[in-house]
Amino acid sequence: MTTVTNYGIIGCGMMGQEHLRNIALLPGTRVSAIFEPDAEMAMQAQALAPGARLCSSVADLMATEGLDCLLIASPNFRHLEQMEEIARTRPLPVLVEKPLFTDPAETARLAAFRDSYPAPVWVAMEYRYMPPIAAFLKEAQAATGGIRMLTIREHRFPFLHKVGGWNRFNRYTGGTFVEKCCHFFDLMRLTLGDEPVRVMASGSQAVNHQDENYEGVAPDVLDNGYVIVDFARGGRAMLELCMFAEARATKRR
Ligand SMILES: NC(=O)c1ccc[n+]([C@@H]2O[C@H](COP(=O)([O-])OP(=O)(O)OC[C@H]3O[C@@H](n4cnc5c(N)ncnc54)[C@H](O)[C@@H]3O)[C@@H](O)[C@H]2O)c1
């Protein structure tokens, strides 16, 4: 007898659709239900998962028969409230996109969720599973005998457009250094094998999104900065971020 794992997907924009394509590559899987409030995105998701039922809310999705696990790929500020709703109704194993929450005032709610949720929850910090990162860590460890200082530099293009422009605002994303850079802080912890004890940072919105306006409100996400993180056993790491570096690629002759 073949066992099929049935997925329910909450939020199916760019990342949800990438997950749909990846789930389709896994044998023994089926996407049974999708909740995606934007009509255009829902149509794209349905094209990728024609067998899935399109649902009108998280509650509607949770009522789908036979669900085995859930994936949350909604905007960041929805993650915690949606995990809490799932906990109240049907606590299935969840893969939730990063970041888990956006406001430090929500820490106690997250801790309560962590302490009571009866099924596995996996946060999509997938950089740590990328083969080049694993190879780099192995080589660097062997070459140095233990890394004490680490610099991560990202020079890249500005944030892409997202449904409703949610990624233009600190209150929806948690801020650039949460939305974008949580992957890098996770890699610092992994590389140094330690936990941070002190953070120093400086950043600004120097260039990006300054001519944009969402119902009269201007974007406030930072586009550059330096962050220094001290770790408990004396290691330290630095992040350099520049998000107005579109032309960073070397020209080919
Ligand atoms: N792991 C990674 O490397 C990675 C990369 C990109 C994005 N992400 C994360 O994935 C999530 C989605 O980002 P995205 O780039 O797909 O954005 P997106 O705007 O393309 O998609 C988000 C979707 O959620 C829908 N949505 C809005 N409100 C909702 C609600 N209440 N419930 C369910 N869906 C709702 C929107 O209509 C939209 O289609 C974010 O948390 C983002 O941080 C992770």
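Every number for a ligand or one of its atoms is a count from 1 in the order of the listing. For this chain, numbers begin at 1 and follow the sequence in order. Atom set for the values below is all heavy atoms of this structure, side chains included, hydrogens, waters and symmetry mates excluded.
Short contacts between ligand 1 and Ala124, defined as distances under 4.0 Å to a heavy atom of the residue, involve ligand atoms 1 (N). Numbered from 1 in the order shown, with element, the atoms of ligand 1 that lie under 4.0 Å from a heavy atom of Glu179 read 43 (O). Listed by atom number, the atoms of ligand 1 under 4.0 Å from Phe35 heavy atoms are 32 (N), 33 (C). Close approach to Asn76 involves these atoms of ligand 1, each under 4.0 Å from a residue heavy atom: 40 (C), 41 (O), 42 (C), 43 (O). Taking a cut-off of under 4.0 Å to the non-hydrogen atoms of Met41, the atoms of ligand 1 that pass are 39 (O). Atoms of ligand 1 lying under 4.0 Å from at least one heavy atom of Gly11, given by number and element, are 24 (O), 33 (C), 34 (N). Close approach of ligand 1 to Asp38 (heavy-atom distance below 4.0 Å) involves ligand atoms 37 (O).
By the 6.0 Å contact criterion, CZ on Arg21 is enclosed, its count of non-hydrogen atoms from other residues, nucleotides or ligands being greater than 12. More than 12 non-hydrogen atoms from other residues, nucleotides or ligands lie less than 6.0 angstrom from CZ of Arg53.
The side-chain hydrogen bond (donor to acceptor under 3.5 Å, both in side chains) analysis of residues 99-110, with sequence neighbours excluded, yields the pairs Glu84-Arg109.
For ligand 1, the polar-atom distance check against Gly16 finds no nitrogen or oxygen pair separated by under 3.5 Å.
Considering Pro99, Ala73, Ala42 only, the shortest heavy-atom separation from atom 12 (C) of ligand 1 involves Ala73. Of the options Lys162, Glu81, Glu126, the smallest heavy-atom separation from atom 1 (N) of ligand 1 is shown by Glu126. When the options Glu97, Gln17, Glu36 are ranked by their closest heavy atom to atom 39 (O) of ligand 1, first place goes to Glu36. The option from Pro75, Ser57, Ser74 that lies nearest to atom 11 (C) of ligand 1, judged by heavy atoms, is Ser74.
Ile152 CD1 to Met238 CE: the interatomic distance, rounded to the nearest 0.5 Å, is 10.5 Å.
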- Passes salt bridge (Lys or Arg N to Asp or Glu O under 4.0 Å), Glu246 versus Arg156? Steps please. CA-CA 6 Å; Glu246 298 94 321; Arg156 55 160 280 175; over 6 Å; no
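Tyr127 and Phe184 have perpendicular rings, their planes meeting at more than 60° on a 0 to 90° scale where under 30° would count as parallel. Using cut-offs of 30° and 60° for the angle between ring planes, the His209 and Phe159 rings count as parallel.
If you look at Arg78 next to ligand 1, the close heavy atoms, those under 4.0 Å, all belong to the side chain.
Salt-bridge formation is detected for the pair Arg78/Glu81: a Lys NZ or Arg NE/NH1/NH2 atom is positioned less than 4.0 Å from an Asp or Glu carboxylate oxygen.
The shell of residues lying under 4.0 angstrom from ligand 1, judged by heavy atoms, includes His79. The closest approach between Glu18 and ligand 1 stays at or above 4.0 Å for every heavy atom of the residue.
Side-chain contact between Arg88 and Met62 is absent, with no heavy-atom pair separated by less than 4.5 Å.
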